[in-house]
Amino acid sequence: MTVICLSHDVDGPFERTYLGLLSEVVRRPLDLSLREILDTVRLRLRKRRNWFFLPRLLDIERAHGVRSTFFFRTDEERYSIDDFIGLTIRALDSEGFEIGLHASVASAFNKDILRMEKERLESIVGHSIEGVRHHYLTLGNSTWDY
């Protein structure tokens, strides 16, 4: 028997702004060619639009009778959950998609940060969150204990 688990780390929609695009280009080395800069811009804009393909992704999963897990970032320093994203999270949850925490790197080393991020997501969905996947799959010595 083959088991396939579908999952998505959702940290993109929070940082897809033109200011974020500008900061991405500015942080690049000064010796980049115009082509490389345009490729960076193109990539960022493509990622920005990918958030709006969520309905298509959901249609594909519905057509195949599957539900994936969506791991959402909630660390306020970089990712704030606005009303639109909160509504989206609740809609996914109500339709049977699992909502999990895409925990920050810092939370892998600090159980209080992990608890705060988890509670923030639980306050959005209105129930306990069981699934977690740390950003960059970061693990500390005590992460499993947390």
Side-chain angles (χ1 to χ4, degrees), residues 1-28 32 36-146:
M1 175 181 189
T2 302
V3 176
I4 298 174
C5 299
L6 302 173
S7 65
H8 313 280
D9 291 348
V10 186
D11 49 3
F14 305 97
E15 56 185 335
R16 302 299 181 232
T17 64
Y18 289 104
L19 183 59
L21 172 61
L22 178 62
S23 76
E24 177 73 21
V25 172
V26 169
R27 287 184 293 179
R28 304 295 278 198
L32 285 180
E36 291 169 311
I37 291 172
L38 290 175
D39 285 345
T40 298
V41 169
R42 223 175 273 115
L43 176 64
R44 294 287 294 189
L45 289 175
R46 190 176 318 119
K47 286 181 178 178
R48 184 173 192 266
R49 288 190 303 267
N50 280 347
W51 173 250
F52 299 103
F53 287 111
L54 182 61
R56 176 74 179 124
L57 173 66
L58 299 182
D59 286 344
I60 292 168
E61 292 194 17
R62 287 180 195 115
H64 293 282
V66 298
R67 295 290 185 269
S68 59
T69 301
F70 288 85
F71 292 98
F72 284 90
R73 296 275 310 259
T74 63
D75 49 312
E76 285 292 328
E77 292 172 15
R78 282 193 66 199
Y79 306 98
S80 62
I81 305 280
D82 64 19
D83 291 339
F84 171 75
I85 295 170
L87 182 65
T88 303
I89 291 171
R90 285 187 294 278
L92 288 168
D93 182 63
S94 69
E95 196 170 322
F97 293 91
E98 180 184 6
I99 303 300
L101 176 64
H102 189 35
S104 67
V105 171
S107 70
F109 305 98
N110 185 317
K111 67 180 173 184
D112 294 327
I113 293 173
L114 180 61
R115 181 183 307 110
M116 183 179 62
E117 292 176 9
K118 182 178 184 284
E119 288 172 354
R120 190 173 289 139
L121 187 57
E122 289 173 341
S123 73
I124 293 167
V125 296
H127 59 78
S128 180
I129 295 294
E130 302 301 321
V132 63
R133 178 165 46 214
H134 284 270
H135 197 56
Y136 299 124
L137 301 177
T138 304
L139 292 174
N141 291 335
S142 300
T143 304
W144 289 111
D145 295 334
Y146 301 162

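We're numbering straight along the sequence, starting at 1.
- Residue-environment remark: CG (Asn141) stays at or below the threshold of 12 foreign heavy atoms within 6.0 Å.
- We find the NE2-CZ distance between His134 and Arg73 to be 11.0 Å, quoted to the nearest 0.5 Å.
- Going from atom OH of Tyr146 over to atom CG of Asp112 covers 8.5 Å, rounded to the nearest 0.5 Å.
- For the atom pair OG of Ser107 and CZ of Arg115, the computed distance is 12.0 Å after rounding to the nearest 0.5 Å.
- In terms of heavy-atom proximity, Ile129 sits nearest to Glu122 at N-OE2, 3.0 Å.
- Ser68 has its side chain out of reach of Glu98: every pair of non-hydrogen atoms, C-beta onward, lies at least 4.5 Å apart.
- Rounding to the nearest 0.5 angstrom, the gap separating the NE2 atom in His102 from the OG1 atom in Thr74 is 10.5 Å.
- Using modelled atom types and a 3.5 Å distance limit, the side chains of Ser104 and Glu117 yield a donor-acceptor pair.
- Annotation: the span from Phe72 atom CZ to Ile99 atom CD1 amounts to 5.0 Å, rounded to 0.5 Å.
- Counting only heavy atoms from C-beta outward, the side chains of His127 and Asp93 approach each other to under 4.5 Å.
- Within the 4.5 Å cutoff, the side chain of Phe71 has no heavy atoms near those of the Leu101 side chain.
- Using a 4.5 Å heavy-atom threshold, the side chains of Thr2 and Ile4 count as touching.
- Side-chain contact of His135 with Asp75: a donor-acceptor pair under 3.5 Å is absent, judged by distance alone.
- In this structure the side chain of Lys118 never reaches within 4.5 angstrom of the side chain of Val132, judged on heavy atoms.
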- Please lay out, stage by stage, how Thr143 and Leu114 fare under the test side-chain contact (heavy atoms from CB on, under 4.5 Å). CA-CA 9 Å; Thr143 304; Leu114 180 61; 5.8 Å; no
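- Distance CZ/Phe70 to OG1/Thr88: 10.0 Å, rounded to 0.5 Å.
- His8 and Thr69 share no side-chain donor-acceptor pair at under 3.5 Å.
- The shortest distance between side-chain heavy atoms of Leu58 and Leu92 falls below 4.5 Å.
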